[in-house]
Amino acid sequence: MALRFKNSLSRRVEEFVPIEPGVAKMYTCGPTVYNFAHIGNFRAYIFEDLLRRYLSYKGYRVTQVMNLTDIDDKIIRDSKARGIPIKQFTAPVIKAFFEDIDALRIERAEHYPPATEHIPEMVALVKVLLERGHAYQIDGDYYYRIASFPKYGQLANLDMQGLKAGARVDADEYEKESVSDFALWKAWDENDGDAFWETELGKGRPGWHLECSAMSTKYLGKRFDIHTGGVDNMFPHHENEIAQSEGATGETFVNYWLHCEHLMVDGRKMSKSLGNQYTLRDVLDKGYSGLAVRYLLMATHYRQQLNFTFEGLESARAALERYNDFISNLESYPGGKSDGSAGGVISGAAAGFEETLDDDLNISGALGVVFDFIRDINRLKAEDKLSAGERDEALKLIRRFDSVLDFRTKAVSLEAEIEDLIRQRTEARKSRNFAQADKIRDDLLARGIILEDTPQGVKWKRKV
RNA sequence: GGCGCCAUAGCCAAGUGGUAAGGCAGAGGUCUGCAAAACCUUUAUUCUCCGGUUCGAAUCCGGAUGGCGCCUCCA
């Protein structure tokens, strides 16, 4: 079976057929850099990481764009409150964002365009929309005329008549032709301070949705394969992107829309506005690793709500330990006498991994395959029925899986002091001074170093 | 009010018509100086509930209950 995705646009599972064979172009909505991202945000980025890595695994050449929204109301408000220029305000937040995605092993996208560096592209887009009758100007503000785009509401499955009746009308925007029309460009007022650009549209700044249309086109073309984001971006953000981009080009903007469900905490959506958020730093400060967070956020299918708990994080940590112990134990296994069954285990696991992930990135199913594989190989190893050649094939496969999962702990060398303690313990054991040996082992455990006595001698590992 | 999603063991979670994956936690065993790791055994006669369709339903249909999200800040 071929790779397929649940497309939000059609609400069906569809086979992935790229515009250009062998190439996958994707746009992934990125952070608004006014504050540290919370782990709910990172769930979306982890999902996108799985997507891009699996596309690569399947042999696609991937181009991913993730925007950095570095101009919006909150950024203006907060930078003004601190009395510093916007760039100075956003720079440390952007720096922290990249530190966080590194800690979570989220592979870098090819492009991270900041909105403020693409004002000319956005202005050009508004001009095209004006020419084509999709935009109008009132008092220096430019709006998108939703009535000019009949498909509006298709992605979110919203009836725009009903929406009007819903009457969530912003009182100070009464001058728009229709309450549903959204801002493309906002004229400067004094509250904006130094947040403005002098352009052909006048003095002002872009609306929220404009950057994604302008920047996706710049880096990926008028049409591209995949667009992702959180479900909460489906409306209005992605709906508006479609209206802008297709209004400007008259062509289909994106073929596959993939939306990631929310991370919950205590049964409620984790969000900045509800104030129930954890940043990655909050979690790391409690002693959990970025890797454990990665596992937890990745292990549940992206279209399923995931309730965040520290119990779940502990469970993720333990699963990672099993995964990593498997690899390191296998690496040090000298090999035994094959009973001929390993080949089937390996090829079965390889096929199963791909079959499940092909099915709209069924990661839970794929992890089931991985852990079945681990148990099967461990059993052969325990019975000494795995040859050195089969061991190497098994390692090759798990490393291939790991190109998608990236759950392998990084090898870090030991401090000389700890090496010395391990040596002292080995001496103590030789002289059967077990009390001393056990004390050293306990002390090291408290420092995150786990010791195991094996037939090949003492082995150490770091707590995941 | 409109649109949509979800409910599977102590916890997390796959499975969408052929007789309940996997992870964590728990219990017993093998191994070990003791551990750890690993392996073996064990932990849901049953998938929120009530009807229906079918030889056969966690899976399809109808209904009920409970939870969550979106409906112009949001990943």
Side-chain angles (χ1 to χ4, degrees), chain A residues 11 28-32 37-48 72-74 153 156-163 165-166 168-170 173 179-183 208-209 228-237 239-240 259-264 267-274 295-296 299-301 303-307 309 311-323 325-326 328-329 333 352 356 359 362-375 378-383 429 432-435 437-438 441-442 445 450-455 458-459 461:
Chain A
R11 286 170 278 279
T28 51
C29 277
T32 299
H38 59 67
I39 55 175
N41 299 125
F42 288 117
R43 184 188 188 191
Y45 309 142
I46 292 269
F47 147 63
E48 289 149 5
D72 88 323
D73 291 352
K74 286 171 185 153
N157 197 23
L158 288 178
D159 176 358
M160 295 320 291
Q161 297 306 113
L163 190 65
R168 269 176 72 165
V169 182
D170 191 340
E173 293 189 69
V179 291
S180 304
D181 290 350
F182 60 91
W208 171 37
H209 315 290
T228 71
V231 282
D232 49 0
N233 272 164
M234 210 153 128
F235 192 89
H237 185 54
E239 197 70 61
N240 291 351
H259 289 97
C260 178
E261 258 297 347
H262 286 303
L263 183 70
M264 317 292 285
R268 309 287 303 185
K269 175 172 94 162
M270 181 181 295
S271 75
K272 289 176 181 174
S273 52
L274 288 176
Y295 186 100
L296 180 68
T300 295
H301 189 261
R303 280 192 289 106
Q304 166 132 351
Q305 289 175 350
L306 165 62
N307 196 31
T309 62
E311 191 187 4
L313 201 51
E314 187 53 45
S315 166
R317 200 197 58 70
L320 278 170
E321 202 162 75
R322 177 162 167 80
Y323 179 92
D325 285 349
F326 167 72
S328 54
N329 291 342
Y333 176 64
T356 48
D359 182 15
N362 180 356
I363 186 66
S364 309
L367 289 175
V369 170
V370 170
F371 282 103
D372 276 342
F373 171 68
I374 287 173
R375 194 199 51 240
N378 272 338
R379 180 191 294 128
L380 290 171
K381 189 161 86 49
E383 295 170 354
R429 287 186 72 224
R432 303 194 66 80
N433 183 355
F434 294 121
D438 291 350
R441 185 170 64 192
D442 290 345
L445 182 62
I450 299 165
L451 295 187
E452 296 175 4
D453 299 314
T454 76
V458 64
K459 288 183 65 177
K461 65 186 180 191

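Small disclaimer: the values here were computed from a predicted structure and weren't measured. So that the names make sense, note that chain A is the first sequence line, chain B the second, and so on, each numbered from 1. Heavy-atom basis, side chains included; hydrogens, waters and symmetry copies ignored.
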Rounded distance in Å between the C1' positions of B:U46 and B:G15: 14 Å
Between B:U59 and B:C6, how far apart are the P atoms? Round to whole Å, please. 14 Å
Any base atoms under 4.0 Å from [X], or only sugar-phosphate, or nothing? Heavy atoms, all strands.
{"X": "A:Leu263", "answer": "base"}
{"X": "A:Lys74", "answer": "base"}
{"X": "A:Arg317", "answer": "nothing"}
{"X": "A:Gly40", "answer": "base"}

Can you see if the side chain of [X] gets near the phosphate of [N] - specifically, an N or O under 4.0 Å from OP1 or OP2?
{"X": "A:Asn378", "N": "B:C39", "value": "yes"}
{"X": "A:Lys269", "N": "B:C70", "value": "yes"}
{"X": "A:Arg375", "N": "B:G22", "value": "yes"}

Spacing between [X] atom [atom1] and [N] atom [atom2], to the nearest angstrom:
{"X": "A:Phe235", "N": "B:C5", "atom1": "CZ", "atom2": "P", "value": "18 Å"}
{"X": "A:Asp73", "N": "B:C73", "atom1": "CG", "atom2": "P", "value": "10 Å"}
{"X": "A:Leu367", "N": "B:C24", "atom1": "CG", "atom2": "C1'", "value": "13 Å"}
{"X": "A:Met234", "N": "B:C3", "atom1": "CE", "atom2": "C1'", "value": "10 Å"}
{"X": "A:Met270", "N": "B:G69", "atom1": "CE", "atom2": "C1'", "value": "15 Å"}
{"X": "A:Glu311", "N": "B:C12", "atom1": "CD", "atom2": "C1'", "value": "8 Å"}

Is the shortest distance from a Lys or Arg side-chain nitrogen in A:Arg322 or A:Asp325 to a carboxylate oxygen in the other one below 4.0 Å? no
Under 4.0 Å between a side-chain nitrogen and a carboxylate oxygen: does that hold for A:Arg379 and A:Glu383?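 No.
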For the backbone of A:Gly352 and the side chain of A:Thr356, can you confirm whether one donor and one acceptor N or O come within less than 3.5 Å of each other?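 Present.
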Starting at the 5' end of RNA chain B, write a dot or bracket for each base, bracketing those in Watson-Crick or G-U wobble pairs whose two distances are under 3.5 Å and using | for partners on another strand. (((((((..(((.....[...))).(((((.......))))).....(((((..]....))))))))))))....
Close side-chain approach of A:His38 to A:Leu263, heavy-atom, < 4.5 Å: no
What I want to check is whether an N or O donor and acceptor connect the side chain of A:Lys381 with the base of B:C39 at under 3.5 Å. no
Pairs: protein N or O with nucleotides 32-37 of chain B N or O, under 3.5 Å:
{"unit_1": "B:G33", "atom_1": "N7", "unit_2": "A:Arg429", "atom_2": "NH2", "d": "3.2"}
{"unit_1": "B:G33", "atom_1": "O6", "unit_2": "A:Arg429", "atom_2": "NE", "d": "3.1"}
{"unit_1": "B:G33", "atom_1": "N1", "unit_2": "A:Asp438", "atom_2": "OD1", "d": "3.0"}
{"unit_1": "B:G33", "atom_1": "N2", "unit_2": "A:Asp438", "atom_2": "OD2", "d": "2.6"}
{"unit_1": "B:C34", "atom_1": "O2", "unit_2": "A:Arg441", "atom_2": "NH2", "d": "2.6"}
{"unit_1": "B:C34", "atom_1": "N3", "unit_2": "A:Arg441", "atom_2": "NH1", "d": "3.0"}
{"unit_1": "B:C34", "atom_1": "N3", "unit_2": "A:Arg441", "atom_2": "NH2", "d": "3.4"}
{"unit_1": "B:C34", "atom_1": "N4", "unit_2": "A:Asp453", "atom_2": "OD2", "d": "3.1"}
{"unit_1": "B:A35", "atom_1": "N6", "unit_2": "A:Asp453", "atom_2": "O", "d": "2.7"}
{"unit_1": "B:A35", "atom_1": "N1", "unit_2": "A:Asp453", "atom_2": "N", "d": "2.8"}
{"unit_1": "B:A35", "atom_1": "N3", "unit_2": "A:Arg441", "atom_2": "NH1", "d": "3.0"}
{"unit_1": "B:A36", "atom_1": "O2'", "unit_2": "A:Glu452", "atom_2": "OE2", "d": "3.4"}
{"unit_1": "B:A37", "atom_1": "O4'", "unit_2": "A:Glu452", "atom_2": "OE2", "d": "3.4"}
{"unit_1": "B:A37", "atom_1": "O2'", "unit_2": "A:Asn329", "atom_2": "ND2", "d": "2.8"}

Can you tell me which residue among A:Leu320, A:Ile46, A:Leu313 is in a side chain to side chain contact (heavy atoms under 4.5 Å, CB included) with A:Tyr295? A:Leu320
Minimum-distance nucleotide (side-chain atoms of A:Ala318 versus B:C40, B:G23, B:A25): B:A25
Show your working on side-chain contact (heavy atoms from CB on, under 4.5 Å) between A:Lys381 and A:Asn329 and close with a plain yes or no. CA-CA 10 Å; A:Lys381 189 161 86 49; A:Asn329 291 342; 4.1 Å; yes
I want to confirm an ordering. Mapping A:Asn157 and A:Tyr295 to their closest nucleotides on RNA chain B, which one lands closer to the 5' end? A:Asn157
Close N/O contacts between protein and nucleotides 13-15 of chain B (under 3.5 Å):
{"unit_1": "B:A14", "atom_1": "OP2", "unit_2": "A:Gln304", "atom_2": "OE1", "d": "3.4"}
{"unit_1": "B:A14", "atom_1": "O3'", "unit_2": "A:Asn362", "atom_2": "ND2", "d": "3.0"}
{"unit_1": "B:G15", "atom_1": "OP1", "unit_2": "A:Asn362", "atom_2": "ND2", "d": "2.9"}

Mind telling me whether A:His209 and A:His237 have parallel, tilted or perpendicular rings, with 30° and 60° as the class edges?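 Ring orientation of A:His237 relative to A:His209: tilted.
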